[in-house]
**Q** 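Take this structure first; my questions come after.
Please read these numbers as outputs of a predicted model, since none were measured by experiment. Numbers here simply count residues along the sequence, with the first being 1.
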Amino acid sequence: MTSQTAGAGPAATAPVRPAATAPRRPRRANGTSPGMRKSLAWIGTHAIAIALAIMFLAPLVFMFLTAVMSDQQALSGNLWPTSWHFGNFRRVFTDDMIRWTLNSTVYAVLSTVFMLVSSVPVAYALARFRFRGRNLALVIVISAMMLPPQVTMVPLYIIWSRFHLTGTLWPLIIPQLFGDAFSIFLLRQFLITIPREYADAARVDGCGEFGTMIRVVLPMAKPAIAAAALFQFFYCWNDYYGPLVYAKPDNWTLAIGVATFRAAHHVEWNLTMAATLVTIMPVLIVFFLAQRVFIQGVTLTGVKG
């Protein structure tokens, strides 16, 4: 009889499992976290845009900081106001400033509306109709863009004086009823990019040419129309030469009024900066409200496809 212990070996041992360890954090490269590296990469990618934004915003920030300074602080070399004087904007809003603002608004709004009423049909005709002399008409429009306004100022002034309209802003508003060369060219370049199949389908459904333009083509040309309207509004709002020649002091616009205001307050830089901010704020508000359509109209104009 064999012994039971003869074949018995050493006692079996269970396998040893490694101890659980916490998940490792991502190693830092050169002491920076992944979020910091991502931020640095974004800054490096948009470095030029950031530099341009700072360059364009710096004058506005400087104007605002100077506008809320006191009279003594504005004459010092301090860039940051020690006390904030928002009452300077109230001091700027005199009766003359309100009248200049109303004159600028009337001039810019009426000129923009009249330009759209006259320029859109002309641009539509040059883009859609095939007639003899169309290319010649387009050349004339482009040539009118290159003609300086100073060349025609004297004969136009004589003509408007015979109609007894000098001294007002009407000599600058009424010509917009006859079209604007730049706006016609801008709108025409956009309208030629709209496929003709849409207009052909409208004609098959019995829509006339005027109805096709109003109901089919113009809704598709809203970006270009908005861009042309904004260009015209900005030009009229900032126009200095035209009102200086035609308008009398009661019909001055903000461009002339601010220059007169600066001459009267040539050492009060805080009031001058406040008046300048009042002048440019409507333009900034209009641009930011319509920037998407404006940029779309500018980028799509002239891209045929």
Side-chain angles (χ1 to χ4, degrees), residues 104-149 151-152 156 169 171-203 207-239 242 282-283 285-305:
S104 295
T105 303
V106 171
Y107 173 32
V109 172
L110 289 182
S111 296
T112 303
V113 173
F114 289 172
M115 180 276 298
L116 292 177
V117 171
S118 59
S119 299
V120 169
V122 176
Y124 180 81
L126 291 176
R128 293 292 174 174
F129 295 162
R130 298 183 182 275
F131 56 90
R132 181 177 299 177
R134 185 182 67 169
N135 294 333
L136 178 61
L138 182 61
V139 171
I140 294 175
V141 170
I142 297 175
S143 301
M145 294 170 54
M146 298 183 292
L147 188 65
V151 175
T152 59
L156 287 177
L169 294 173
L172 302 173
I173 298 174
I174 294 178
Q176 301 302 323
L177 286 172
F178 301 95
D180 177 70
F182 174 76
S183 301
I184 292 173
F185 179 76
L186 181 69
L187 292 170
R188 186 257 179 189
Q189 292 301 109
F190 187 90
L191 292 176
I192 61 177
T193 64
I194 299 177
R196 294 181 176 271
E197 287 76 9
Y198 294 102
D200 295 337
R203 295 188 189 96
C207 191
E209 199 64 49
F210 183 77
T212 302
M213 180 184 70
I214 297 297
R215 299 178 183 178
V216 179
V217 178
L218 293 189
M220 301 176 64
K222 285 181 180 180
I225 295 175
L230 288 177
F231 275 127
Q232 183 67 25
F233 183 87
F234 294 161
Y235 172 80
C236 295
W237 187 269
N238 298 321
D239 189 15
V283 176
I285 293 173
V286 171
F287 176 76
F288 281 114
L289 291 178
Q291 62 174 335
R292 183 180 62 83
V293 181
F294 174 75
I295 295 174
Q296 184 180 3
V298 173
T299 54
L300 293 181
T301 299
V303 182
K304 187 174 181 179

**Q** Kindly compute the distance separating CG (Asp200) from SG (Cys207), expressed to the nearest 0.5 Å.
**A** 12.0 Å
**Q** Quick check for you: to the nearest 0.5 Å, what is the distance between Gln232 atom CD and Asp180 atom CG?
**A** 5.0 Å
**Q** Taking all non-hydrogen atoms of both residues, which atom of Leu126 and which atom of Ala137 are closest, and how far apart?
**A** CD2-CB, 4.0 Å
**Q** Do you know which of Val217, Leu191, Leu187 makes side-chain contact (heavy atoms from CB on, under 4.5 Å) with Val120?
**A** Leu187
**Q** Which heavy atom in Met145 sits nearest to a heavy atom in Phe185, and how many Å separate them?
**A** SD-CB, 3.9 Å
**Q** Please report the interatomic distance CG(Leu110) to CD1(Ile174), rounded to the nearest 0.5 Å.
**A** 10.5 Å
**Q** Give the table of side-chain donor-acceptor pairs shorter than 3.5 Å for residues 209-216, with sequence neighbours excluded, one pair per line with atom names and distance.
**A**
| unit_1 | atom_1 | unit_2 | atom_2 | d |
| --- | --- | --- | --- | --- |
| Glu209 | OE1 | Arg203 | NE | 3.2 |
| Glu209 | OE1 | Arg203 | NH2 | 3.4 |
| Glu209 | OE2 | Tyr124 | OH | 2.7 |
| Glu209 | OE2 | Arg203 | NH2 | 3.0 |
| Thr212 | OG1 | Gly208 | O | 2.6 |

**Q** Quick check: closest heavy atoms across Ser111 and Ile173, and the distance to 0.1 Å?
**A** OG-CG1, 3.8 Å
**Q** Tell me whether Arg196 contacts the main-chain N or O of Arg128 through its side chain, where contact means a donor paired with an acceptor under 3.5 Å.
**A** yes
**Q** For the atom pair CZ (Phe114) and OG (Ser118), what is the distance rounded to the nearest 0.5 Å?
**A** 9.5 Å
**Q** Looking at residues at least two apart in the chain, or sitting in another chain, which of them share a side-chain contact (heavy atoms from CB on, under 4.5 Å) with Pro149?
**A** none
**Q** Return the OG1 to CZ distance between Thr112 and Phe231, rounded to the nearest 0.5 Å.
**A** 12.5 Å
**Q** How far does CD1 of Ile194 sit from CG of Leu218, to the nearest 0.5 angstrom?
**A** 8.0 Å
**Q** Do the non-hydrogen side-chain atoms of Val286 and Trp237 ever get within less than 4.5 Å of each other?
**A** no
